[in-house]
Amino acid sequence: MALATFKGGIHPPDKKELSKGKEITPARSPKRVVIPLSQHIGAPCKLAVSIGQEVKRGEVVGTPEGFVSSPVHSSVSGKVVAIADFPVATGRLVPSVVIENSGTDEWTALKDNSDYMNLSPDELKTKVKDAGIVGMGGAAFPAHVKLSPPKEKPIDVVIINGAECEPYLTADYRLMIERPKDIIEGLKVLMKIIGVNKGFIGIENNKPDAIEIMKNAVSGEQNIQVCALEVKYPQGAEKMLIKACADREVPPRALPMDVGVVVQNIGTAIAVYEAARYGKPLVERVVTVTGEGIKEPRNLLVKIGTLVSELIEDCGGYSSEAAKVISGGPMMGFAVYSTETPVTKGTSGVLVLPESEAFHLDEFGPCIRCGRCIDACPMGLIPSMLSVYSEKGFYEDAKAYNLFDCFECGSCTFVCPSKRPIVQFVRLAKTMVKP
Amino acid sequence: MEKLKKDHQLTLSVSPHVRSEETTSRIMWSVSASLLPATVMGAYFFGPKAVLNVALCIIASILSEFLYQKGTDRKITVNDGSAFLTGLLLGLNLPPTVPFYIPIVGSVVAVVITKQLFGGLGYNVFNPALIGRAFLLISFPKLMTIWAEPTAAFIKLDAKTTATPLGILKEEGVAKLLEMFGDNSNLYLQLLSGHRAGSIGETSAIALLLGAAFLFYRGYITWHIPVSFLGTAGLMAWAFGAKGAFFAGDPIVHLLSGGMLLGAFFMATDYVTCPSVKAGQILFGAGCGFLTMLIRLKGGYPEGVMFAILIMNCFSPLIDRGFKTKVFGAKKEVKK
């Protein structure tokens, strides 16, 4: 049987074997954490603590401003020692709360409510919102916003994204292996909040054990279906996943909710479950620390705000060839200029590439119009023309070639034989014209 | 931790951080390699003079690209293999016995005028090798239509001249062609092996198909252009190829003779000068096939592949405008 998928896409080497066998283990507790007040798409938080203040684990340190925003919490118990700007993965400086870890991990009151499924959808949604849950696949869009679709856009499907199509990363894979039941519970909470009775879990077929485990875990559930997906990047992109699992195409510039779908990531589902049951805020996440440039690749349970440098040390440090540190995966992650950058809610991996793997963007050739990027583009765009127009400064022409439908997955740039930085040309053009 | 990298030693770059191993020069050298069987067969049938002419084309192409780039203070890109490929293709498209200045003039026209003056690799409108050949055919019509007889050339340098199968077909008809080759099956056999008069690299169908198979295997070409090209040409040869009756022509003779295979697999598929969207490529290929047969059956020249591809090259940008890909999720093609 042909596996569900989408048109286009690429097959980069997946390199998951470096860390896929490594069980999730807690990272060494950091001496201090740096909690950025903006870890999500939307308005930054308002500072809710002051220097010198004692905070417990799970205590709010930043309160949301507006609807599309999400609170941030302290991931350790300890004392606020500074409020300063720190670089996040994108390189942007974000006001952050620095908390010295007392090491006692004293929680704010958490309450185990095993009867959480009997809470009303609104109560559950409030718990998700208060827990500061955002999309943990990387984009970090506040979860409660996706769970509040306008009335005229009824939702009938929730999809849990277990594709993990980025090479190297294995965080979601390990969660599926180790905590399948919690993922299902999280999905059920999500389905209850939106009031739908169709749930999918989409998993790429290069993780047959995860597919098997998840299938067993949903065996009693009538409404939940595990979809084995073709191994192809970017299978985990929202629109591609929806096409593969539910056979619906999100129109250009539209959102999943426009075709009645909400997508959440594996990690997010677990966070939702923990918020619903224990009222536990999102203060830790699984991060894959991997790459040929790291001594011992691992999957770590990391307190939000832990610095990347500490994770690298935790994994035995760099191997001698280390050349580039990337927050996220190799296709869409950000190369960081400082390892003194904190893990945030959207950090799925820390990837250290060696010299030989780290592509240096020194020279590129002219477009030879070979069309490989056109075949690779999952959005059906013509990246070659976008790159040429942008290179020459014809940004309006680039716009006419559906510039703003590009979500910058990097497939075109991966396949380009002239090594043109096509995605970067697209980013440039996007800043030069109005959508 | 020996050699712990400091932050300032980290490499910074934009995503994606991994790239495929494919490079432009690898493509160019691979396509050149795929022409090796045809080149060897050309050397076998037409001898040292043919080899010399192909070599002259390659050397002149590389040299003129180098000198142009040096003279205009541009980056030297002769290592990318595209000038080599242009030279090789031009060489394979020449009659075997042309005098030495013909390859040189053709190469300069191909590389300097057709490619570099239009902006270099990626920006040329026309296939450089074909413009080079067209220029030669128009400028030196006599020299460019002297066809050596195959095999004899190896032993004696002053080979006898003869006509190409297409020339015979045009001037004297199919009966004469059969008379020369004995019967149909022998004719096909000679066309397959390449034992016939023609341009250096175009005669051996087997060698060309071998090279084409390599290109398909490596994914360097897709079926769209060759199939639509040869399909259309074959259909037209069958429908209109015979005098006095419809659907009585011999498509096989037409497909295996002249530059049909060399054109369909190696020239029309040139990335730069063909449309880049697959649907457009089908129209492009069909246009090439149609024009080739129109010229062969109704035109003044016995062979039409070269002009057909060049004419269709003109339409490539237009075809690319008309055949945009369907944007994911769009109801139908977005009209702008």
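It should be emphasised that the depicted structure is a prediction, and the values quoted were computed from it without experimental measurement. So you know, we letter chains A, B, ... as the sequences are listed, proteins then strands, and number each from 1.
Interface remark: I27(B) contributes side-chain atoms only to the contact with chain A (heavy atom separation under 4.5 Å). For M379(A), the parts lying under 4.5 angstrom from a heavy atom of chain B are both the backbone and the side chain. For Q281(B), no part lies under 4.5 angstrom from a heavy atom of chain A. Heavy atoms of I374(A) lying under 4.5 Å from chain B belong exclusively to its side chain. Heavy atoms closer than 4.5 Å to chain B are found in the backbone of C416(A), but not in its side chain. For chain B, the nearby part of C367(A) is the backbone; its heavy atoms alone come within less than 4.5 Å.
For the pair T325(B) (side chain) and G380(A) (backbone), a donor-acceptor distance under 3.5 Å is present. For T11(B) (side chain) and A323(A) (main-chain N/O), a donor-acceptor pair under 3.5 Å exists by modelled atom type. In this structure a side-chain-to-backbone donor-acceptor pair under 3.5 Å is present from H17(B) to G333(A).
With a 6.0 Å cutoff to the six-membered ring centre and a 45° limit on the axis angle, K7(A) does not count as a cation-pi contact of F328(B).
Distance CG/D320(B) to CZ/R369(A): 5.0 Å, rounded to 0.5 Å.
Taking both residues in full, the closest heavy atoms of L10(B) and V336(A) are given as CD1-O, 4.0 Å, listed atom of the first, atom of the second, then distance.
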Tabulate below the donor-acceptor pairs under 3.5 Å that side-chain atoms of residues 219-228 of chain B make, not counting sequence neighbours, or state none.
{"unit_1": "Y220(B)", "atom_1": "OH", "unit_2": "E22(B)", "atom_2": "OE1", "d": "3.4"}
{"unit_1": "Y220(B)", "atom_1": "OH", "unit_2": "E22(B)", "atom_2": "OE2", "d": "2.9"}
{"unit_1": "Y220(B)", "atom_1": "OH", "unit_2": "R218(B)", "atom_2": "NH2", "d": "3.1"}
{"unit_1": "T222(B)", "atom_1": "OG1", "unit_2": "H224(B)", "atom_2": "ND1", "d": "2.9"}
{"unit_1": "S228(B)", "atom_1": "OG", "unit_2": "H224(B)", "atom_2": "O", "d": "2.6"}
{"unit_1": "S228(B)", "atom_1": "OG", "unit_2": "I225(B)", "atom_2": "O", "d": "3.1"}
{"unit_1": "S228(B)", "atom_1": "OG", "unit_2": "I282(B)", "atom_2": "O", "d": "3.3"}

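For residues 70-89 of chain B, a heavy-atom distance under 4.5 Å to chain A picks out K75(B), given by residue number.
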